[in-house]
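Taking it in order: structure first as structure tokens, then the write-up.
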Amino acid sequence: MKRSKLSVFLSDYLDRQPLFKDKLSLQSNYTPENIPHREEQIEELARILAPSLRMHKPSNVFIYGKSGTGKTCVSQYVVKEIFEACKKNKVSVNYYYLNCKLKKVADTEYRLIAQLARGFGQTVPATGLPTDEIYKLFIESVDNKKQLLILILDEIDQLVNKVGDGILYNLTRLNSELKNSQISIIGISNDLMFTDNLDPRVKSSLSEEELVFPPYNALQLQDILRERSRIAFAEGVIKEGVIEKCAAYAAREHGDARRALELLRVAGELTERSNVSEISIEYIDSAENKIEKDRVLDIIRTQPKQFQITLYSILKYNGNGKSIFTGDIYEDYLKMCGDVGLKPLTQRRVSDIVAELDMLGLINAKVISKGRYGRTRQISLAVPSMTLPKIKDILKEGLGL
DNA sequence: AGGTATTCACATGAAACTATTCTCTGAGTTAGG
DNA sequence: TAACTCAGAGAATAGTTTCATGTGAATACCTGT
């Protein structure tokens with residue numbers, strides 16, 4: 001009697017007290033109305049942006065800080081407040097938030113400007129037009145009335161790394177093209193050294209003001225977690241010490257609040273799934289494992305075939321404890337391409353692929369010199385060995401082996 | 001022994017190429033008046 | 001004659017290839033003692 005079993009399960013599920021009250025508040029895109037331990041930065045940013053209330057162009061701001069230190073959160077919060085205040089006072093201020101890392105949305109100059117133009121009601125094709133045409137469209141749509149525009153560009157370091165700093169130069173120059181409107185830019189960067197290798201002209205005009213967000217320490221993380229968990233979880237489902245442990249884990253990782261919240265959320269999900277009514281410390285460990293495992297498996301699954309073959313070659317060598325070098329991998333890669341029926345890439349490209357796999361954290365690839373015997377990368381796997389069989393399965397499936 | 005020069009096996013960079021997707025334009029075609 | 005179709009030119013973009021140059025240290029080769 002499968003059916004009754006299932007219905008028992010379902011009604012059981014409904015009878016049980018839910019752990020979560022509002023799970024959304026643990027998701028990374030949630031903006032809380034209260035941001036603990038960032039009062040200073042909020043105040044500073046507000047002070048910088050305040051001239052906009054009088055319709056004066058605020059300075060451009062640059063915000064630095066490691067991931068999960070509340071940069072996005074704070075800037076969105078402050079700008080939104082300013083926007084509301086301006087609306088109340090009938091001051092024509094507008095803002096637009098854009099994450100420059102989003103694939104296919106804002107990760108090139110063309111797409112960034114196109115996305116902005118779209119934000120102001122233009123219909124812009126995804127490709128086909130020259131870039132300066134897009135600039136014209138954007139300027140047109142912004143300049144049709146007198147207004148102040150605050151652009152929040154999140155993770156611009158990624159964009160500039162990819163397409164160069166010309167785009168920032170164009171952006172700062174935009175103001176001279178505008179007759180009625182003015183644009184202020186808030187640039188957000190994870191990379192603390194970002195402006196160091198920037199064109200000095202861009203640097204001086206873009207970072208008129210700078211804000212640094214230090215990482216949270218464990219105690220601050222606890223406050224954040226407690227605050228959120230009050231919204232997210234039902235009363236009393238979190239056992240003693242859970243929050244502290246979450247905070248400690250995340251503090252170890254340069255104080256990333258996002259990680260801490262994710263950890264708590266996944267721990268909650270695991271607890272719920274195993275039919276337990278209280279989140280205990282053990283679940284945090286399994287949550288951490290699960291997050292890491294999911295991340296790795298997901299990355300591997302979504303890689304192109306060429307990457308998968310390369311990784312598979314590395315995997316095959318890994319067992320015997322010998323060090324592996326690019327040359328070995330490439331040889332094996334060629335063979336595998338024959339087996340799978342794919343046209344092999346050049347060694348140049350495979351070398352880049354290995355470097356990218358390293359960036360993704362799937363392998364460790366260190367460039368070493370073997371003296372007389374050349375220079376190469378020393379490669380080893382960087383995934384926990386317990387996930388290896390699963391990875392093999394995914395790769396075999398992806399490659400049709 | 002100590003110092004310098006070679007040399008290997010790739011790494012790293014830059015530019016050019018390929019293929020795909022998409023717009024715009026203008027010539028040619030069609031249908032209706 | 002206005003509306004429509006369709007090919008061709010140009011752009012953006014991602015993924016590669018081609019060509020060129022760089023590089024760290026184990027060895028080979030000197031050199032003077």
Side-chain angles (χ1 to χ4, degrees), chain A residues 98-119 121-141 155-156 158-171 196-199 299-314 317 322-338 340-360 362-380 382 398-399:
Chain A
L98 201 51
N99 187 324
C100 304
K101 210 182 63 182
L102 290 180
K103 284 256 177 257
K104 304 270 177 189
V105 176
D107 57 345
T108 68
E109 176 165 19
Y110 179 94
R111 298 218 257 246
L112 175 75
I113 305 298
Q115 190 59 31
L116 289 174
R118 275 189 213 111
Q122 299 272 1
T123 43
V124 189
T127 165
L129 296 183
T131 306
D132 42 344
E133 201 69 27
I134 297 297
Y135 269 103
K136 258 186 232 156
L137 276 175
F138 171 61
I139 288 174
E140 211 175 281
S141 59
E155 315 205 33
I156 14 179
Q158 307 263 338
L159 179 63
V160 171
N161 275 336
K162 205 175 144 199
V163 300
D165 55 8
I167 180 173
L168 294 182
Y169 181 67
N170 286 339
L171 275 176
D196 285 6
N197 33 20
L198 219 54
D199 186 320
I299 289 174
I300 293 175
R301 221 188 312 268
T302 55
Q303 287 311 304
K305 276 213 166 62
Q306 304 286 4
F307 282 61
Q308 294 186 347
I309 296 179
T310 312
L311 187 61
Y312 197 84
S313 297
I314 297 171
Y317 271 94
K322 261 192 336 200
S323 359
I324 347 161
F325 306 109
T326 310
D328 308 333
I329 299 295
Y330 188 64
E331 249 173 63
D332 193 72
Y333 162 86
L334 287 180
K335 220 163 36 178
M336 297 239 350
C337 277
V340 179
L342 244 100
K343 190 169 147 272
L345 301 175
T346 50
Q347 176 158 321
R348 175 71 187 81
R349 180 62 186 138
V350 172
S351 168
D352 276 350
I353 289 178
V354 169
E356 284 175 53
L357 287 174
D358 181 32
M359 293 277 277
L360 289 169
L362 299 179
I363 62 178
N364 290 317
K366 204 168 118 215
V367 181
I368 57 156
S369 177
K370 293 189 290 171
R372 197 70 220 282
Y373 306 103
R375 231 161 87 92
T376 182
R377 285 200 176 89
Q378 192 173 49
I379 301 165
S380 60
L399 298 171

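Each chain gets a letter, A, B and so on, in the order its sequence line appears, and its residues count up from 1.
Computed from coordinates, the A:Arg375 CZ to C:dG22 C1' distance equals 8 Å when rounded to whole Å. Distance NZ (A:Lys370) to P (B:dT6): 23 Å, rounded to an integer number of Å. Following rounding to the nearest Å, A:Arg348 (CZ) and B:dC10 (C1') show an atom-to-atom distance of 11 Å. Straight-line distance from the CG atom of A:Leu159 to the C1' atom of C:dT13: 14 Å, rounded to whole Å. Remark: C1' of B:dC24 and CG of A:Asp132 are 15 Å apart, rounded to the nearest angstrom. Atom-to-atom, CZ of A:Arg372 to P of B:dA9 comes out at 9 Å; the value is rounded to the nearest Å. Here the P atom of nucleotide C:dA14 and the CZ atom of A:Phe307 are 13 Å apart, to the nearest Å. Atom-to-atom, CD1 of A:Ile353 to P of B:dA11 comes out at 12 Å; the value is rounded to the nearest Å.
With no hydrogens or angles considered, no side-chain donor-acceptor pair links A:Ser351 and A:Thr326 at under 3.5 Å. At a cut-off of 3.5 Å, with distance as the only test, no side-chain donor of A:Gln347 or A:Tyr333 sits close to an acceptor on the other residue.
You'll find that the side chain of A:Thr108 is closest to C:dA14, out of C:dA11, C:dA14, C:dT16. With B:dT23, B:dC10, B:dT7 as the choices, the nucleotide that has an atom nearest any side-chain atom of A:Pro125 turns out to be B:dT23. Of the candidates C:dA14, B:dT7, C:dA12, the closest approach to any side-chain atom of A:Asp107 belongs to C:dA14. The side chain of A:Arg349 approaches C:dT17 more closely than any other nucleotide in the set B:dT12, C:dT17, C:dA12.
Side chain of A:Asp332 to main chain of A:Ile329: no donor-acceptor pair is present (N/O by atom type, distance under 3.5 Å, no hydrogens or angles). Looking only at distances, a side-chain donor or acceptor of A:Arg118 sits under 3.5 Å from a matching main-chain atom of A:Val124.
Side-chain nitrogen and oxygen atoms of A:Arg111 include at least one within less than 4.0 Å of the OP1 or OP2 phosphate oxygen of C:dA14. At least one side-chain nitrogen or oxygen of A:Thr326 sits closer than 4.0 Å to the OP1 or OP2 atom of B:dA11. Contact annotation: A:Arg377 side-chain N/O to B:dA11 OP1/OP2 distance is under 4.0 Å. Proximity of A:Thr346 to the phosphate of C:dT18: no side-chain N or O atom is located under 4.0 Å from OP1 or OP2. Taking 4.0 angstrom as the limit, A:Ser351 places a side-chain polar atom (N or O) nearer than this to OP1 or OP2 of B:dA11.
Across all strands, A:Gln347 comes closer than 4.0 Å only to sugar-phosphate atoms, never to a base (heavy-atom distances).
Using a cut-off of 4.0 Å between Lys/Arg side-chain N and Asp/Glu carboxylate O, A:Lys136 and A:Asp132 are scored as not salt-bridged.
The 5' end of DNA chain C is approached more closely, in terms of each residue's nearest nucleotide, by A:Gly128 than by the other of A:Lys103 and A:Gly128.
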